[in-house]
Amino acid sequence: MEQNKKESLNFIEQLIERDVKEGNFKKIYTRFPPEPNGYLHIGHAKSICLNFGLAQKYGGHCNLRFDDTNPEKEETEFVDSIKEDIKWLGFDWGPSAYHTSDYFEQLYQLAICLIEKGNAYVDELSAVQLNELKGSPTEPGKESPFRDRPIEESLEIFKAMKSGAFQNGERVLRAKIDMSSPNMHMRDPILYRIKHMKHHRTGSKWCIYPTYDFAHGQSDSIEQITHSLCTLEFEVHRPLYEWLIQKLEIHPSKQTEFARLNLSYTIVSKRSLRALVEGHYVAGWDDPRMPTISGIRRRGFTAKSIRKFADTIGVARRDGITDVALLEHAVREDLNKTAHRIFGIMDPIKLIITNWPKDYQEIMIAENNPEDEKSGTREMPFTREIFIDRSDFMEDPPSPRKWFRLGPDREVRLKKGYIIKCTGYKKSEKGKVVEIYAEYDPNTKSGQDTSGKKVKGTLGWVSVPNAVLVEIRMYDRLFLTENLNKIEDDFKNHLNPDSLIINTKAVLEPSVRNAQVGDQFQFERIGYFRVDEDSHSERLIFNRTLTLRDGWTKKKN
RNA sequence: UGGCCUAUGGUGUAACUGGCAACACGUCUGAUUUUGGUUCAGAAGAGUCUAGGUUCGAGCCCUAGUAGGCCAACCA
C-alpha cells in the first residue's frame, strides 16, 4: 500500500479525537435517545448510524435510551418498533436498553438538591400568567412573585406536588436563572410539571414529571455519556444543559449539535408522518412509501444501503436538503450485487413463434446474478407462445438506431433464448395490438450462436404455459414537491396521486414460484422488487423497490 | 431595538488547521455488454455569499453587511 492519505474527519470525529488525545476520558459513550411516541424514520437512521458508528469506531459504547418523560404521548408499541428498527439497521445497544423513567427517583433527588442550593423554586402562577411574564425574544421577561420564596417553602411544596396534593398545572418547579436573558430557555425554565396520568412504565407511581431540559441532560450524566449528540434546534438549550451540570455538579457530558436530515421529495417529521397514517393517506407506518425505517425496509431498501447512505452524506452543522438520488444510488449499488435476476413482464402481450413446434418445450439456463458467480443458475422453459412486454413492440418504430426493440420485420434477441424476427401482428377491433407473430432462427441459441448475427435489442420473455401471475405494487415517490420545508400550504396538497399503482396482470418466470416473503429480485431491464408480507398461497405480491437506472427514457425527453 | 447558528459546483461533504478547491451523487460524451442495467474511459460544472481588513499568501483568521435556519409548548 502506498502512503495512505489522511482520512478526512467530520467535525464530531475531530472533536472526539482531540478529546482522546487530551485524555479527557477513558472511553467514549454516546447515546441514541428516541421518544417512544412514533416510528423511527430515515432521519433517525442518520442519527443511529452516527451515534452507534462513532462508538464502534472509537471503541466506546452507544446506549439506547427511551426518553419517556411525557406519559401523554408515549406507548409500548413504539418501544418495540424502535428496538426492531435499530437491530435491523445492524446495531447493538448491549445487554439492556435504558429509560429516562428509570431515573425518575434520581431526577427527583437532583431537583431537591437544586432547590436546596437556591437554584430552583416552586411557582404557583398559571400557564397563562407564566407566559405573560416570559417576555419575547426581543423583550426581557419579568420575575415571578414566587421567585424569592424561602427554600424551605419550595422544598415543602415540591414534596407535596410529588405526593399529589395539587391538580395538573397548579404548581411547577422552575430553575432560578435569569428572566432577562436573551436566551428564552434561560428565563427560569420549567423543570417539573404535574400530570396526573398513567405512565406506560411507571404506572401511577408519579404525578410529577421532569421536562426535557431536566431529564435529558441529567440522564446523560447518570449514564456517563461523554458525547451527547443532538440536532441543531437544541442548540439554544445548550447553555441550560451546561448550567444544570454545573449547579448539580454532575458528570459533565458535552452536547454537540448537528444538522438533521432533510430529503428531497420526502417529509421527515414525526408529526407529519403521523398525520399521513392517521388520515389514511398511506396504509400505515410501514407503508412502503413511508420514509420510516419499517416502511423502507418493506419497500426493499437494505440496512447496508442505509448505512452506506448515512456514511455518504456525512454530518455537518449547516442545514440543507439531501437529494434522494443519493439514497437511491446506495440502494441500487447494494441490490445490484445481491438481488437474483428473473424475467418479468409488467404488461404482457402474447408472441407466437410460428416456426416453433407446438407443445415443444426447451429448457434454457440462466445465471442468477452475473455480478456474483456463486449465485448459481436457474432453468427457464422456452415455448412456442411467450409473453413479451407491450412496451417492447411498436407498430411503426423509429429508426433501428434509436429503437432497439421489436417492430414489423425487426429482429431482437430473446435473452437466454433465440433471435426472432417479427413477421406480423394482430389487432383487435379497437385497434389494439393483441398478438405478435415471429419466427426464430435455430442457429442463434444463446451461448451457441453460429449465425454471426448481431442484434441491438434484447428482450425479456416468459413462457405462456409456465407464467406465474402476480400482483405488483409499483411505488413511486410520495410527494411531487422537491423541498417540502419551503411550502406554505398543507403538505398533503403535494402528495403524488400516482405514488402507488397496483398491477394485477404482471407475469413472472416459473422459477419464482418458491419465493419467500422478503426475497428480493431484479426483474431484468425493469427494477428491483421485494416479496411483500401481504403475499398469500394464491398469489405472490411484490413491492417495487426502485426502477433500474434508465438512460434511455431520459434521452427521449 | 434581541440572541444563537450557518454560508464551498445542481445536491451532500472534503481541503492535513493559512499554501494553486477534492470526493460521491447527479448531468453529458464515448467504449464494452445477450439487462438501453452493470463496468470502463472521459467531459462539463464552483474560484468558496458580498465588501473591507490582517498576511508574502485567506475557503480557512478579523470586522461589517446580506441570505437562510433556530429560539417565546407545564413537547422532545
Side-chain angles (χ1 to χ4, degrees), chain A residues 5-10 14 33-35 37 67-70 72-74 123 126-127 130-131 134-141 168-169 171-174 181-187 189-195 208-209 211-213 215-216 230-239 257 259 261 264 270-271 309 311-330 332-333 336-337 341 343 366 370-371 403-405 412-417 419 444 446-447 449 455-460 485 522-527 547-555:
Chain A
K5 271 180 232 140
K6 190 147 194 170
E7 181 200 7
S8 77
L9 304 172
N10 64 50
Q14 291 178 15
E35 183 186 14
N37 67 345
D67 213 349
D68 53 353
T69 59
N70 187 352
E72 274 175 47
K73 315 190 290 184
E74 294 149 9
D123 205 330
S126 69
L130 241 30
N131 230 322
K134 191 141 197 187
S136 78
T138 52
E139 289 169 289
N168 289 353
R171 300 286 186 281
V172 290
L173 181 71
R174 302 178 73 183
S181 168
N183 183 342
M184 298 291 290
H185 297 277
M186 297 298 270
R187 322 244 261 229
I190 291 171
L191 270 21
Y192 263 92
R193 74 285 214 196
I194 299 169
K195 274 180 199 275
I208 55 172
Y209 293 94
T211 56
Y212 167 83
D213 285 306
H216 193 98
C230 61
T231 45
L232 252 24
E233 67 268 27
F234 291 100
E235 200 174 329
V236 283
H237 292 253
R238 183 160 23 108
E257 311 84 17
L261 172 70
S264 61
K270 241 191 242 180
R271 214 187 111 269
F309 170 68
D311 198 50
T312 302
I313 60 173
V315 56
R317 279 181 71 83
R318 82 176 119 172
D319 66 338
I321 180 158
T322 298
D323 193 339
V324 269
L326 263 56
L327 213 208
E328 294 176 347
H329 172 261
R332 289 194 180 100
E333 187 180 47
N336 177 48
K337 295 282 190 244
R341 263 120 257 223
F343 287 174
E371 304 288 323
W403 172 261
F404 304 163
R405 310 178 191 180
V412 295
R413 171 169 291 282
L414 295 172
K415 185 162 179 174
K416 298 298 166 189
I419 290 177
T444 57
S446 182
D449 190 324
V455 291
K456 192 81 173 131
T458 303
L459 268 43
N485 287 332
Q522 182 198 98
F523 296 177
E524 293 217 27
R525 303 204 305 141
I526 302 171
T547 61
L548 249 33
R549 239 178 116 226
D550 181 8
W552 182 71
T553 30
K554 273 179 205 154
K555 210 173 282 187

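Atom set for the values below is all heavy atoms of this structure, side chains included, hydrogens, waters and symmetry mates excluded. Letters A, B, ... are given to chains in the order of the sequence lines, protein chains preceding strands, and every chain is numbered from 1.
With distances taken from any side-chain atom of A:Asp550 to the nucleotides B:A76, B:C74, B:G36, the minimum falls on B:G36.
A donor-acceptor contact under 3.5 angstrom links the side-chain atoms of A:Ser446 to the base of B:U34. Within 3.5 Å, a donor on the side chain of A:Glu371 pairs with an acceptor on the base of B:G37, or the reverse. Counting atom types as modelled, A:Glu139 pairs no side-chain N or O with a base atom of B:U1 as donor and acceptor under 3.5 Å. For A:Arg413 against B:U34, a side-chain N or O and a base N or O form a donor-acceptor pair under 3.5 Å. At a cut-off of 3.5 angstrom, the base of B:G36 holds no donor-acceptor pair with the side chain of A:Arg549.
Pairing for B:G9 is absent, with no Watson-Crick or G-U wobble pair whose two atom distances lie under 3.5 Å. The partner of B:U1 is absent, by the rule that a Watson-Crick or G-U pair needs both atom distances under 3.5 Å. Across all strands shown, B:U27 pairs with B:A43; the Watson-Crick or G-U wobble distances both stay below 3.5 Å. In this entry B:C56 has B:G19 as its Watson-Crick or G-U wobble partner, both defining distances falling under 3.5 Å.
Between A:Glu235 and A:Arg317, at least one side-chain nitrogen of the basic residue sits less than 4.0 Å from a carboxylate oxygen of the acidic one, meeting the salt-bridge criterion.
A distance of 3.5 Å separates NZ of A:Lys415 from CD of A:Glu524, quoted to the nearest 0.5 Å.
The P atoms of B:A43 and B:A24 are separated by 13 Å, rounded to the nearest whole Å.
Along RNA chain B, the nucleotide nearest A:Arg317 and the nucleotide nearest A:Ile194 are compared for position; the residue whose nucleotide lies closer to the 5' end is A:Arg317.
With its glycosidic angle within 90° of 0, B:U17 is assigned syn. In textbook terms, a nucleotide whose glycosidic angle is within 90° of 0 is syn, and B:G47 is one such case.
Judged by a 6.0 Å distance limit and a 45° cone about the ring axis, A:Lys195 is not positioned over the six-membered ring of A:Tyr209.
Using a 4.0 Å heavy-atom cutoff across all strands shown, A:Thr69 reaches sugar-phosphate atoms only and no base atom. Residue-level contact check: A:Phe234 touches the bases, meaning some heavy atom is under 4.0 Å from a base atom.
Checked against the 6.0 Å centroid criterion, the rings of A:His329 and A:Phe309 do not qualify as a close aromatic pair.
One atom, CZ of A:Arg525, and another, P of B:U33, lie 18 Å apart when rounded to the nearest Å.
In this structure, A:Tyr212 and A:His237 have perpendicular ring planes: the angle between them is above 60°, well past the 30° mark.
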